[in-house]
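For reference, the structure discussed in these notes is given below.
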Amino acid sequence: MPELVDLRSDTVTKPSPGMRQAMAEAEVGDDVFHEDPSVNRLEEMVAALYGKEAALYVASGTMANQIAIRAQTHHGDEIIMERTSHPFNSEAGALAALAGVQVNLIDGQHGVMDVEQIRPVMRTPNVHHAPTALICLENTHNRGGGSIWPLENIRAIREFARSVSVPLHLDGARLMNACVATGLTPKDYAQYFDSCTLCLSKGLGAPVGSLVIGSTEFITKAHRFRKQFGGGMRQAGILAAAGIYALEHNVERLAEDHLNAKRLARGIADIDGLDIDVNAVATNILYFDVRQPGLTVSTLLERLKTAGVLMLGTGPNSIRAVTHLDVSKEGIERAVEVLRQVVQ
Ligand SMILES: Cc1ncc(COP(=O)(O)O)c(C=O)c1O
């Protein structure tokens, strides 16, 4: 049986032998007391990478977003985000349950918004309104198909947000994918945001962990909410060491994942009964539609699974595939071949 080609998500990667060794050898201490040298090093590394004063290591991307939002809003406030954004759709209702905010949703283009869509939905002071307390962007945008935000859009939203004294948050779970694809640095993006996140357990290949990044004042607040959300970990350096290893070894290679995503997209475009916009594939995530009469997404996914290829159903006609460091060029070629055989 050939090896499984698992394209459901870039979160399915397993730690490499080098990463496991770094974890085994990590210096540790009690991180709730700020005494874990590996966590401290990771936080300093990421703060410097983003050009910010401080960072905080947390368990997951969801926790990172929710802490950042909680620390910049009050219960009952309103935040603005794009309709298909991750914190609204895929964080188990945490915006309501943990951050305690309501959301004003905007329909973007592949997850990307224009400042002119935001301007009119800002709340003016009025006793009937929940005040607009935060604007959130996501780069790259997961449901937008791994799309990359143009800097002009970010800049325009920043300028507007500053003029109305509303902070800007970046869900940067996959910001490194945007950086590798564009040649821009994390600082180039982060300069426009009051708070940012970064996930180590997606394309970067660590088993656990995300960071919240911002000013010292913001991170002090975030630290308290991490504890309140039950995210104070103790000898977390054993995990942070994997994050340090990921940042030192797995950033530049994201370019391979992007090439593989393009390869896969071109293969899919060649198969009758499947529909994809190859030009929309910007990083490591792609979505395609099943248009073959009589073939459902669930049947197609089952057939793929039987042949050793895993993808994710995301709608009545739509499937997502994500490339990552545990899928090779050969794996992608096999996935295309299998797709061709099972779409009938
Ligand atoms: C854009 C984005 N933000 C946040 C998250 C949440 O990360 P986690 O699964 O670690 O909670 C994800 C997860 O896929 C994501 O794609």
Side-chain angles (χ1 to χ4, degrees), residues 6-15 42 46 55-70 79 81-95 97-99 103 105 108 110-113 134-149 154 168-179 181 186 189-190 193 195-213 222 225-226 229-231 233 236 239-240 242-243 246 254 257 261 282-287 310-314 320-325:
D6 191 345
L7 295 162
R8 288 171 301 164
S9 173
D10 49 8
T11 57
V12 301
T13 60
K14 307 234 169 83
L42 173 64
V46 173
L56 184 71
Y57 185 57
V58 302
S60 67
T62 298
M63 188 179 270
N65 278 329
Q66 298 305 325
I67 286 175
I69 295 167
R70 179 70 186 92
I79 65 171
M81 58 174 58
E82 203 275 334
R83 182 174 304 281
T84 61
S85 57
H86 196 277
F88 178 69
N89 290 285
S90 306
E91 300 190 3
L95 288 174
L98 298 181
V103 190
L105 294 170
H110 297 291
V112 175
M113 297 179 283
L134 188 68
I135 300 169
C136 300
L137 317 187
E138 181 178 319
N139 190 22
T140 65
H141 200 288
N142 183 340
R143 289 196 183 206
S147 53
I148 301 172
W149 272 73
I154 299 175
L168 205 53
H169 170 68
L170 172 67
D171 178 345
R174 295 186 182 80
L175 189 67
M176 293 305 167
N177 292 84
C179 290
Y189 286 111
F193 294 90
S195 61
C196 305
T197 66
L198 169 69
C199 286
L200 302 164
S201 59
K202 303 200 161 58
L204 299 181
V208 181
S210 291
L211 288 114
V212 186
I213 308 129
F225 288 115
R226 184 182 73 174
F229 291 0
M233 298 186 281
L239 302 171
L254 291 172
D257 300 343
T283 54
N284 70 328
I285 301 178
L286 63 82
Y287 290 80
L310 302 182
M311 293 185 183
L312 201 69
T314 49
R320 185 184 84 170
V322 187
T323 56
H324 52 77
L325 86 176

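The figures that follow rest on heavy atoms only: side chains count, while hydrogens, waters and symmetry mates do not. Remember, it's 1-based here, ligands and their atoms both numbered in the order they're listed.
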Strictly under 4.0 angstrom, heavy-atom based: which residues surround ligand 1? Ser60, Gly61, Thr62, Asn65, His86, Glu91, Glu138, Asn142, Asp171, Ala173, Arg174, Lys202

Spatial distance of atom CG (Asn89) from atom CE (Met81) [nearest 0.5 Å]: 9.5 Å

Residues passing the side-chain hydrogen bond (donor to acceptor under 3.5 Å, both in side chains) test with Asn284, sequence neighbours excluded, are Asp10

Is there a donor-acceptor contact under 3.5 Å from the side chain of Ser60 to the main chain of Met63? yes

For Pro15, all residues meeting side chain to side chain contact (heavy atoms under 4.5 Å, CB included), sequence neighbours excluded: Met19, Arg20, Pro207

Just jot down the side-chain hydrogen bond (donor to acceptor under 3.5 Å, both in side chains) partners of Ser85, sequence neighbours excluded, or say none. none

Could you check whether any side-chain N or O of Glu91 sits under 3.5 Å from a backbone N or O of Leu95, counting only pairs where one atom can act as donor and the other as acceptor? no

